[in-house]
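Below: one structure, written as structure tokens.
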There are 2 protein chains.
Amino acid sequence: MGKRKENSTNMLNEKSIMECDLTYAVCKVGGRWKLLILCKLENGKLRFSEIRRLIPKITERMLTLQLRELEKDGLVKRTVYAEVPPRVDYELTPIAIELIPIWSKLSDWGARHKKLVK
Amino acid sequence: MGKRKENSTNMLNEKSIMECDLTYAVCKVGGRWKLLILCKLENGKLRFSEIRRLIPKITERMLTLQLRELEKDGLVKRTVYAEVPPRVDYELTPIAIELIPIWSKLSDWGARHKKLVK
DNA sequence: TATGGTACTAACAATTTTGTAAGTAATGGG
DNA sequence: CCCATTACTTACAAAATTGTTAGTACCATA
């Protein structure tokens, strides 16, 4: 989330791995807090501070970083209102909305897997 | 993949985040090479060296680590044959096989997303 | 004039993941 | 005896992610 080295082996490997559409897709939502954030937005727009309240353990820094990446990747849309105190809200983009039915299947799988290991 | 600190904030956050079944599910396949490995196994058993050949940039160390985690998480089954030189093969478990249809949807989404950003 | 609310940013430190390089064991074949 | 093969392990180093702390700007209100 900081800057990455342009030509580290790590970076080069990542690039080549991302040719796999599946790996690519998972990487897009792979940040620590990203799925949690996206889930909160499933029911509509939320302000920065609202998301923060819904995810108690996230810090402002992390929330900002993850939102910025999601925005850069076209998964959330950020809207700034010219007010004081500032108001900014976030919402899912159409391509992110397409993920929802897949998430729900994955989530069911997750629940099944959890039971299995217990 | 090395050992983790038991009570770092990082670790505690991860634990709390994993309560979300979706986040949990994604984490299970979240390692750098995991999905690639699982995909190779979709068509049946493979030996260590075969996987290695199919994923040219992975190192033996990384392949071992990722396979070990997948095994620990019940996604692959490891079979050791008492031969010399050693022979070991890996295959998907039933719960991993349940993921396949979901992967294919996700993979399609990944492909659509890629086009969108280009 | 001081305070408070909102949505951040910057500098730094801790933690975790990933990669590098060099081994290991067992045994069959030359 | 020496080498090749296979599936690893170990010690270490580099890179990436995550977390901590302390700011910032703006204006309305007390």
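Just so we're clear, the structure is a prediction, and the values are computed from it rather than from any experiment. Chain identifiers are assigned alphabetically (A, B, ...) following the order of the sequence lines, protein sequences preceding nucleic acid strands; residue numbering begins at 1 within each chain.
- Among the nucleotides D:dA16, C:dG19, C:dG5, the one closest to the side chain of A:M11 is D:dA16.
- A:T64 comes within 4.0 angstrom of a base, heavy atoms only.
- Closest to the side chain of B:F48, from the set C:dT16, D:dG19, D:dA7, is D:dA7.
- In terms of phosphate contacts, B:N13 brings a side-chain nitrogen or oxygen within less than 4.0 Å of OP1 or OP2 of D:dG19.
- Using a 4.0 Å heavy-atom distance criterion, B:Y81 is classed as making no nucleic acid contact.
- Taking side-chain N and O atoms only, B:R47 has a distance below 4.0 Å to OP1 or OP2 of D:dA7.
- OP1 and OP2 of D:dT6 both lie 4.0 Å or more from every side-chain N or O belonging to B:R87.
- The side chain of B:Q66 contributes no N or O atom lying less than 4.0 Å from OP1 or OP2 of C:dT17.
- With salt bridges taken as basic N to acidic carboxylate O contacts below 4.0 Å, none links B:K45 and B:E50.
- The residues B:E69 and B:K28 are annotated as not salt-bridged, no charged nitrogen and carboxylate oxygen being separated by less than 4.0 angstrom.
- Closest to the side chain of B:T9, out of D:dT20, C:dA7, C:dT27, is D:dT20.
- Nearest-nucleotide assignment on DNA chain C puts the 5′-proximal partner with B:E14, out of B:P85 and B:E14.
- Using a 4.5 Å heavy-atom cutoff, the side chains of B:Y90 and B:K77 are not in contact.
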Next item on the list: Go through B:I102 and B:K105 one step at a time and tell me if the side-chain contact (heavy atoms from CB on, under 4.5 Å) criterion holds.
Entry: CA-CA 5 Å; B:I102 306 178; B:K105 291 263 167 54; 5.6 Å; no
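- You'll find a donor-acceptor pair under 3.5 Å spanning the side chain of B:R61 and the base of C:dT20, going by distance alone.
- Listed pair B:S49 / D:dT5 fails the phosphate criterion, with no side-chain N or O lying under 4.0 Å from OP1 or OP2.
- The listed nucleotides are C:dT18, D:dA16, C:dT27; the one nearest the side chain of B:V84 is C:dT27.
- Protein atom NZ of B:K5 is 7 Å distant from nucleotide atom P of C:dT16, rounded to whole Å.
- For B:N10, taking side-chain heavy atoms from C-beta onward, the closest of the listed nucleotides D:dG19, D:dA16, D:dA7 is D:dG19.
- Between A:E91 and A:R78 no salt bridge is recorded (no basic side-chain N to carboxylate O distance below 4.0 Å).
- Mapping B:G30 and A:R78 onto DNA chain C by nearest heavy atom places A:R78 closer to the 5' end of the strand.
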